[in-house]
Amino acid sequence: MMQNNNITPEMEDQMINQAYQNLLNIYLSSNHRKKVEIIDKAFKFARDAHKGIRRRSGEPYIMHPIAVATIVIQEIGLGSTSISAALLHDVVEDTDYTVEDIEAQFGHKIARIVDGLTKISGGIFGDQASLQAENFRKLLLTMGEDVRVVLIKMADRLHNMRTLQSMPPNKQYKIAGETLYVYAPLAHRLGLYAIKTELEDLSFKYNHPAEYQRIRSLIDASEESRNDLFARFAAPIRERLDNMGLVYEFNARVKSCYSIWNKMQKKHIPFEEVYDLYAARIVFECDDESAEKRICWNIYNEVTEVYTKHPDRVRDWLTTPKVNKYRALHVTVMGPDGNWVEVQIRSRKMDDTAERGFAAHWKYKIGEGEEEEELSRWLSTITDILKDPEPNAIDFLDTVKLNLFASEIVVFTPKGETITLPKGATILDLAFTLHTDLGTHCIAGKVNHKLKPLSYKLASGDQVEIISSNSQKPKPEWEKFVFTAKGKTRLRSALRHERRLTIEKGEKEFKDFLADHNIPLSNEVLSLAISRQNASNKEELFRMIGNDEIILNEDMVSHKEQGARFNWWRRNPFKGKEEPKKATNESSTAIDTKAIYRLTTRDGKSNYEIASCCHPIPGDDTVGFLTNSNKVIVHKMDCPTLARLKASHGSRLLQTQWEDHSDTFQATIHIEGIDQKGILQSIVNIISTNMSINMKQMNVTSDQGVFNCDLQVLVSDAQVVTNLCREIKKVKGVNSASRMN
């Protein structure tokens with residue numbers, strides 16, 4: 001977007017001043033102590049520093065810091081220090097001013113926050129794996145130093161996503177992918193639900209523009225009927241709440257486009273079959289915090305008096321709040337139209353915390369220190385990860401992300417203490433959560449008084465006793481069933497410690513052996529030993545000796561030839577050698593990611609490869625990924641593997657477009673229905689006779705009258721698959737037919 005030449009400098013100044021005045025008005029109407037002077041000083045400093053600089057959209061650059069500062073106060077609820085830091089957050093990176101200049105003008109606290117924001121500027125992922133880990137580590141470290149850094153960074157990312165339309169497509173893919181991969185889960189974990197939802201929707205909008213617009217249109221089109229249905233559902237509940245004398249709001253909250261699309265993908269259902277399009281929310285006013293829980297349960301009783309509750313869908317986040325301090329009571333009931341409706345019951349304070357996370361506490365507490373203290377308690381859960389000296393970049397990112405978005409379970413120790421863990425956590429995870437030594441010496445667990453192995457997955461409400469033994473040592477295979485970030489990091493640390501002890505033991509044995517046989521230790525002797533055992537280095541050689549994978553053959557030491565002294569033999573053939581780690585380097589090939597890469601087939605040869613993880617075909621929205629060997633691998637836009645590639649290697653993504661081709665492509669269709677005579681023959685007739693499509697494979701099962709079929713066909717494009725699914729659905733007894741990855 002180019003700058004509008006009709007806008008005069010005077011008009012721009014007026015636009016800037018108006019945006020800044022709006023920021024001040026929001027701040028002055030908040031509960032914060034009014035420190036306008038420092039904010040005003042920061043605004044003038046930033047405006048002068050960015051003078052003459054424009055964003056890609058053409059607007060003056062200062063509009064971005066003002067917008068970020070507005071999000072900081074309006075949507076996150078931070079105070080004057082954070083607003084000032086937000087206004088100054090790009091000054092050090094984009095101008096000649098230094099952090100020392102900021103400190104001289106605004107003091108140590110604001111300078112420290114600006115410095116933290118500068119360190120993680122430009123996104124948390126680089127093009128190389130090592131940079132990804134290092135930049136993400138910086139983000140987490142700055143969270144530990146001052147929690148406001150990451151909250152302002154979240155506001156910065158939100159505004160960048162809101163203005164992403166001015167960026168080229170390849171940048172949109174990278175930024176949207178990075179946002180969905182880390183920032184949305186991080187917002188979720190911080191309790192910033194509203195921001196998390198918007199980040200997801202904006203990422204979805206740029207990754208799948210056609211699908212986004214389609215779902216948006218369907219939501220808008222169904223609004224009237226949805227409102228009528230909610231009015232009928234809410235009427236009898238409102239009557240009972242009024243009789244209780246409550247001051248409350250009772251609204252329907254529609255699911256986000258991304259959430260609806262995600263459900264459609266996971267369950268292979270069309271929009272019309274997503275019945276829980278909205279959740280009903282009751283938010284009541286209550287000045288007495290001690291009465292909140294009682295009122296929630298009273299409302300619950302009234303709701304379940306009117307409607308039948310789902311026996312397995314009551315969520316009590318009052319007794320045991322989530323790690324991000326989320327508190328509410330959820331119950332799912334059968335609505336008047338025969339569909340399940342979730343009702344969320346909260347006080348006003350609970351609702352503020354749910355929408356704005358930890359930052360909402362400023363509304364109810366005096367002083368910013370208490371808020372930082374609360375969030376710091378959560379941040380302590382990542383301390384172990386930060387101590388990891390040499391993480392593999394992608395594993396590091398995945399380990400942290402793993403627990404950012406995980407659902408939670410609550411288990412009990414034998415003494416009745418509650419421990420919150422991510423869903424999927426095992427007995428070994430709990431052991432490492434309680435203490436590193438308990439994890440490294442854990443041999444089993446008693447779950448509800450029954451003995452279970454280390455890999456046993458825990459469920460909410462389980463009472464768990466850890467059984468340990470001093471003779472137990474951590475094993476590499478444990479990594480397969482450690483789920484939590486803390487568990488993975490502590491296990492890897494313990495394995496490194498064990499490896500170090502093994503190397504020291506092996507080195508001592510090696511030196512003692514040489515001394516016993518009067519062989520002087522030299523580089524030549526060491527190199528020969530390493531070579532004979534195909535070890536990658538001396539540490540690997542010592543590890544093999546210390547682990548009893550090899551021993552020195554004393555019978556051969558008396559040979560006169562220097563080389564013959566070092567014949568070795570395997571004591572235990574079942575102990576395998578570790579493969580030496582191979583260094584990987586990113587290709588430095590220049591890539592023109594702005595050009596559209598044409599996917600073609602000529603003379604039976606393609607200029608691309610189909611990704612085996614998602615099997616895209618012509619007609620699908622696709623993105624190409626350029627490998628180190630300059631091959632283009634084509635992925636579907638919604639491919640989980642591509643999500644990692646977007647976040648990790650955004651500069652290698654290519655816009656793709658299908659051209660004329662002669663190939664056929666494999667597609668898999670899943671069919672469900674009621675098993676009845678002739679249903680299979682009818683389906684085969686449609687495929688082979690009516691539509692002349694080649695079948696590659698058909699797997700059919702029938703269980704208690706339910707018919708399931710996975711059908712592999714060879715087609716020319718996605719439209720053929722869509723038409724085939726539509727025709728198969730017309731067969732009597734078929735309930736659904738949809739394409740699968």
Side-chain angles (χ1 to χ4, degrees), residues 188 193-194 197 215 218-219 222-264 266-267 269-286 291-322 326-355 407-410 423 459-461:
H188 173 81
Y193 179 78
T197 303
I215 293 174
L218 289 168
I219 290 173
S222 63
E223 183 177 9
E224 188 174 343
S225 61
R226 198 171 58 245
N227 289 343
D228 290 342
L229 183 62
F230 176 70
R232 283 193 289 129
F233 173 79
I237 298 176
R238 288 186 190 278
E239 185 178 344
R240 287 172 175 263
L241 297 183
D242 290 340
N243 291 337
M244 289 174 66
L246 292 176
V247 178
Y248 66 92
E249 292 176 6
F250 190 10
N251 299 311
R253 300 292 293 267
V254 182
K255 278 180 177 283
S256 68
C257 289
Y258 176 76
S259 179
I260 293 169
W261 177 79
N262 223 12
K263 188 160 195 173
M264 290 166 60
K266 285 181 179 176
K267 299 203 170 184
I269 56 175
F271 177 86
E272 292 71 25
E273 292 180 23
V274 181
Y275 294 118
D276 55 341
L277 277 177
Y278 70 90
R281 183 175 299 166
I282 299 170
V283 180
F284 61 89
E285 305 293 340
C286 179
E292 288 178 335
K293 189 173 178 180
R294 174 177 53 80
I295 295 172
C296 283
W297 283 109
N298 288 343
I299 294 173
Y300 165 87
N301 290 334
E302 297 298 333
V303 171
T304 52
E305 283 287 327
V306 178
Y307 297 111
T308 304
K309 69 178 179 180
H310 192 299
D312 301 322
R313 293 291 297 275
V314 177
R315 299 288 182 265
D316 177 12
W317 300 113
L318 300 172
T319 306
T320 312
K322 292 186 180 183
Y326 178 86
R327 294 172 65 233
L329 185 58
H330 294 189
V331 59
T332 299
V333 297
M334 180 66 75
D337 63 337
N339 289 317
W340 295 107
V341 179
E342 183 183 69
V343 182
Q344 302 169 353
I345 304 168
R346 308 171 177 172
S347 69
R348 176 64 62 192
K349 181 179 178 180
M350 293 177 194
D351 188 60
D352 282 342
T353 302
E355 294 299 306
S407 301
E408 292 162 345
I409 60 169
V410 177
K423 188 176 181 181
S460 263

Item to check | Tyr300 versus Val314, closest heavy-atom pair with distance | outcome: OH-CG2, 4.1 Å
Checklist entry - Quick one: does Leu329's side chain get under 4.5 Å of Trp317's, heavy atoms only? => result no
Item to check | side-chain contact (heavy atoms from CB on, under 4.5 Å) partner of Val343, chosen from Thr332, Val333, Ile299, Thr304 | outcome: Val333
Checklist entry - Between Glu249 and Arg348, is there a side-chain N and carboxylate O pair less than 4.0 Å apart? => result yes
Item to check | Inter-residue atom distance Glu302.CD - Ile345.CD1, 0.5 Å rounding | outcome: 10.5 Å
Checklist entry - Which heavy-atom pair separates Tyr307 from Met334 by the least distance, and what is that distance? => result CD2-O, 3.3 Å
Checklist entry - Going from CG on Leu246 to CG on Asn298, what distance comes out if it is rounded to the nearest 0.5 angstrom? => result 8.5 Å
Next on the checklist: Nearest 0.5 Å, please: how far is CG in Asn262 from NZ in Lys255?
Outcome noted: 9.5 Å
Item to check | N-O pairing of Arg281 and Asp351 below 4.0 Å | outcome: yes
Next on the checklist: Counting the benzene-type ring for Trp, do Tyr326 and Tyr193 have ring centres under 6.0 Å apart?
Outcome noted: no
Checklist entry - At their closest point, which heavy atom of Met350 faces which heavy atom of Cys296, and how far apart are they? => result CE-SG, 4.1 Å
Checklist entry - Would you call Ser347 and Ile295 a side-chain contact if the rule is heavy atoms closer than 4.5 Å? => result no
Checklist entry - If you look at every heavy atom in Arg346 and Arg327, which pair is closest and at what distance? => result CG-O, 4.3 Å
Checklist entry - Minimum heavy-atom separation for Leu229 to Pro336, with atom names? => result CD1-CG, 4.5 Å
Item to check | Enclosure of Glu239 CD (heavy-atom neighbours >12, cutoff 6.0 Å) | outcome: no
Item to check | Neighbour count >12 (heavy atoms, 6.0 Å) for atom NZ, Lys309 | outcome: no
Checklist entry - Can you name the nearest heavy-atom pair linking Ala280 to Phe250, along with the distance? => result CB-CE1, 3.6 Å
Next on the checklist: Please check this pair: side chain of Arg226 against backbone of Ile219, looking for a donor-acceptor N/O pair closer than 3.5 Å.
Outcome noted: yes
Checklist entry - Parallel, tilted or perpendicular for Trp261 and Tyr258, by the 30°/60° rule? => result tilted
Item to check | Derivation and outcome, side chain to side chain contact (heavy atoms under 4.5 Å, CB included), residues Gln344 and Val283 | outcome: CA-CA 8 Å; Gln344 302 169 353; Val283 180; over 6 Å; no
Next on the checklist: With a 4.0 Å cut-off on N to O distance, would you call Arg315 and Glu342 a salt bridge?
Outcome noted: no
Item to check | Derivation and outcome, side chain to side chain contact (heavy atoms under 4.5 Å, CB included), residues Phe233 and Val341 | outcome: CA-CA 9 Å; Phe233 173 79; Val341 179; 4.0 Å; yes
Checklist entry - Parallel, tilted or perpendicular: which describes the rings of Phe230 and Tyr278, with under 30° parallel and over 60° perpendicular? => result perpendicular
Checklist entry - Do Ser225 and Asp228 have a side chain donor and acceptor closer than 3.5 Å? => result no
Checklist entry - Do Val331 and Arg313 come within less than 4.5 Å of each other through their side chains, counting heavy atoms only? => result no
Checklist entry - Any donor-acceptor pair under 3.5 Å linking the side chain of Asn339 with the backbone of Gly335? => result no
Next on the checklist: One pair to check against side chain to side chain donor-acceptor pair (under 3.5 Å): Asp316 and Thr319. What are the steps and the verdict?
Outcome noted: CA-CA 6 Å; Asp316 177 12; Thr319 306; 2.6 Å; yes
